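Keep in mind the model is a prediction, meaning the values are calculated, not measured.
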Number of protein chains: 2
Amino acid sequence: MSGTDPVCTETAPSAAHGGPVSVALARVARMHRIAAGRRLRELGLYPGQEMMMMRLWDCGPVRQSELIQSLGLDASTVTKMLQRMEHCGLVLRRPDPADRRAVLVEATDEGRSLRVGVEGVWSDLEQASLSGLGPDDRAELERLLGVVADNLREEAGEAGECPAPPRGC
Amino acid sequence: MSGTDPVCTETAPSAAHGGPVSVALARVARMHRIAAGRRLRELGLYPGQEMMMMRLWDCGPVRQSELIQSLGLDASTVTKMLQRMEHCGLVLRRPDPADRRAVLVEATDEGRSLRVGVEGVWSDLEQASLSGLGPDDRAELERLLGVVADNLREEAGEAGECPAPPRGC
DNA sequence: ACCCATTGCTTGGCCAGCCAAGGTAATCTG
DNA sequence: CAGATTACCTTGGCTGGCCAAGCAATGGGT
């Protein structure tokens with residue numbers, strides 16, 4: 001703060017003086033991920049898998065390529081994650097008859113059964129994170145995060161929506 | 001957005017309706033990390049290592065345990081990261097003569113030489129992320145993130161400061 | 001009809017990060 | 001002073017996540 005102490009009195013590293021918001025964002029993001037991980041563990045999920053399941057709950061049988069697109073993840077990441085989740089019985093994969101390259105992914109009953117739990121985790125996480133913030137503050141935070149997301153979207157890939165719903169999607 | 005379409009028209013998964021801010025935060029965090037990773041790669045750093053280096057630049061020779069504390073990471077994570085960074089010549093490790101359990105860590109000259117580059121990366125990232133936001137919006141975002149960090153701090157570990165500067169720290 | 005670019009997915013390799021378990025050294029306690 | 005506890009670090013094992021390289025199927029161009 002003040003005084004002659006040259007360094008290391010602040011929580012933010014001095015080399016990051018050019019990006020205080022980025023520092024705060026990185027810290028919050030890690031904490032948030034940890035907090036989510038703790039809650040998800042009790043459901044038998046690892047962090048990141050909850051987003052996959054949400055996508056599957058919304059979309060029904062989907063092509064893996066669409067999951068990659070909508071989650072904004074690398075193809076290999078999705079492949080491996082789905083392999084593990086299939087092995088755990090959360091997910092079902094089968095070749096797409098219309099395109100023998102593609103793989104259709106679908107939540108199993110066991111996977112669907114997690115929905116309530118995940119929704120609870122997510123709500124609880126929201127409540128824990130935003131404690132002490134009124135509705136207007138929350139809306140403002142959401143708005144500002146949206147702006148940042150738009151700024152980073154072009155250079156850091158996309159986490160968009162389901163592009164072309166062929167049927168139930 | 002409107003109409004009878006039941007699902008999967010929104011960018012946010014419907015199962016996450018209970019936590020819109022958490023969804024936004026998770027998305028922004030991943031984009032932000034990717035954007036940071038792209039920039040850091042050109043410096044020869046992996047994401048996460050820049051924070052380590054910042055700490056070392058600020059603190060000089062530090063105990064590994066203090067790094068663990070200030071970065072809020074797991075001890076094993078720090079051990080392995082430092083082993084790799086030492087092998088790359090960014091960092092120097094030696095046993096603490098005052099406590100033979102402890103390890104003192106210090107940036108090498110090569111490690112110190114990255115400081116300018118990392119500062120540039122961080123500033124550039126800040127600028128890219130916050131484009132379109134005025135000073136008041138930025139301050140507001142920082143404030144709100146601070147509140148969230150405080151909320152999550154107790155349950156998700158700490159990323160605090162250098163606790164007891166023995167000398168140069 | 002054929003060749004080639006594109007798309008979709010997989011594999012291998014690497015790093016960040018977590019937990020659990022273990023080993024050594026310092027410190028607290030009886 | 002000896003034994004128990006605590007602090008510090010390391011190792012192994014697992015997942016998320018990335019990139020690069022590779023393979024198979026589709027589709028477009030000539």
Between [X] ([atom1]) and [N] ([atom2]), how many Å, whole number?
| X | N | atom1 | atom2 | answer |
| --- | --- | --- | --- | --- |
| Leu90(A) | dG16(D) | CG | P | 11 Å |
| Glu50(A) | dT15(D) | CD | C1' | 13 Å |
| Leu40(B) | dC15(C) | CG | C1' | 13 Å |
| Glu42(B) | dC19(D) | CD | P | 13 Å |
| Glu66(B) | dC9(D) | CD | P | 10 Å |
| Met51(B) | dG17(C) | CE | C1' | 15 Å |
| Tyr46(B) | dG17(C) | OH | P | 14 Å |
| Arg84(A) | dC14(D) | CZ | P | 11 Å |

If only side-chain N and O atoms of [X] are considered, is one of them under 4.0 Å from the OP1 or OP2 phosphate oxygen of [N]?
| X | N | result |
| --- | --- | --- |
| Arg33(B) | dA16(C) | no |
| Gln49(A) | dT15(D) | no |
| Arg100(B) | dA26(C) | yes |
| Gln64(B) | dT10(D) | yes |

Which of these nucleotides, [options], is closest to any side-chain atom of [X]?
| X | options | value |
| --- | --- | --- |
| Ala102(A) | dC9(C), dG16(D), dA16(C) | dC9(C) |
| Arg101(A) | dT26(D), dC9(C), dC18(C) | dT26(D) |
| Gln83(A) | dT11(C), dC15(C), dC18(C) | dT11(C) |
| Ser76(B) | dC15(C), dG12(D), dC19(D) | dG12(D) |
| Ser65(A) | dA25(D), dA20(C), dG8(C) | dG8(C) |
| Asp99(B) | dA25(C), dG16(D), dG8(C) | dA25(C) |
| Thr79(A) | dT10(C), dA25(D), dG17(C) | dT10(C) |
| Thr77(A) | dG17(D), dT11(C), dG12(D) | dG17(D) |
| Asp74(B) | dC19(C), dC9(D), dG17(D) | dC19(C) |
| Arg93(B) | dT11(C), dC9(C), dT10(D) | dT10(D) |

Check step by step if salt bridge (charged side-chain N to carboxylate O under 4.0 Å, His left out) holds for Asp58(B) and Arg55(B). CA-CA 5 Å; Asp58(B) 278 2; Arg55(B) 240 45 211 209; 5.7 Å; no
Applying the 4.5 Å side-chain criterion to the ILVMFWY set and letting contacts propagate, would Met85(A) and Leu43(A) be lumped into a single cluster?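 Met85(A) and Leu43(A): one cluster.
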Find out if a path of hydrophobic residues (ILVMFWY) with successive side-chain heavy-atom gaps under 4.5 Å connects Leu104(B) to Leu90(B).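 The answer is no; the residues belong to distinct hydrophobic clusters.
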Has Gln127(B) got more than 12 heavy atoms of other residues, nucleotides or ligands less than 6.0 Å from its CD?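 No, because the 6.0 Å sphere around CD of Gln127(B) holds 12 heavy atoms or fewer from other groups.
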What closest approach, in Å, do Asp137(B) and Glu140(A) show between heavy atoms, and which atom pair accounts for it?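 So the minimum-distance heavy-atom pair works out to OD1-OE2, 3.9 Å.
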How close do Met53(A) and Val91(A) get, counting heavy atoms only, and between which atoms?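 Looking at all heavy atoms of both residues, the shortest contact is SD-CG2, 4.3 Å.
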Assign each of Gly48(A) and Pro97(A) to its nearest nucleotide of DNA chain D by heavy atoms, then name whichever residue's nucleotide is nearer the 5' end.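 Its nearest nucleotide being more 5', the pick is Gly48(A).
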I want to confirm an ordering. Mapping Ala98(A) and Arg41(B) to their closest nucleotides on DNA chain D, which one lands closer to the 5' end?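 Upstream on the strand: Arg41(B).
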Reading DNA chain C from 5' onward, which residue's closest nucleotide shows up sooner: Leu104(A) or Met81(B)?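 Checking each residue's closest nucleotide, the 5'-ward one belongs to Leu104(A).
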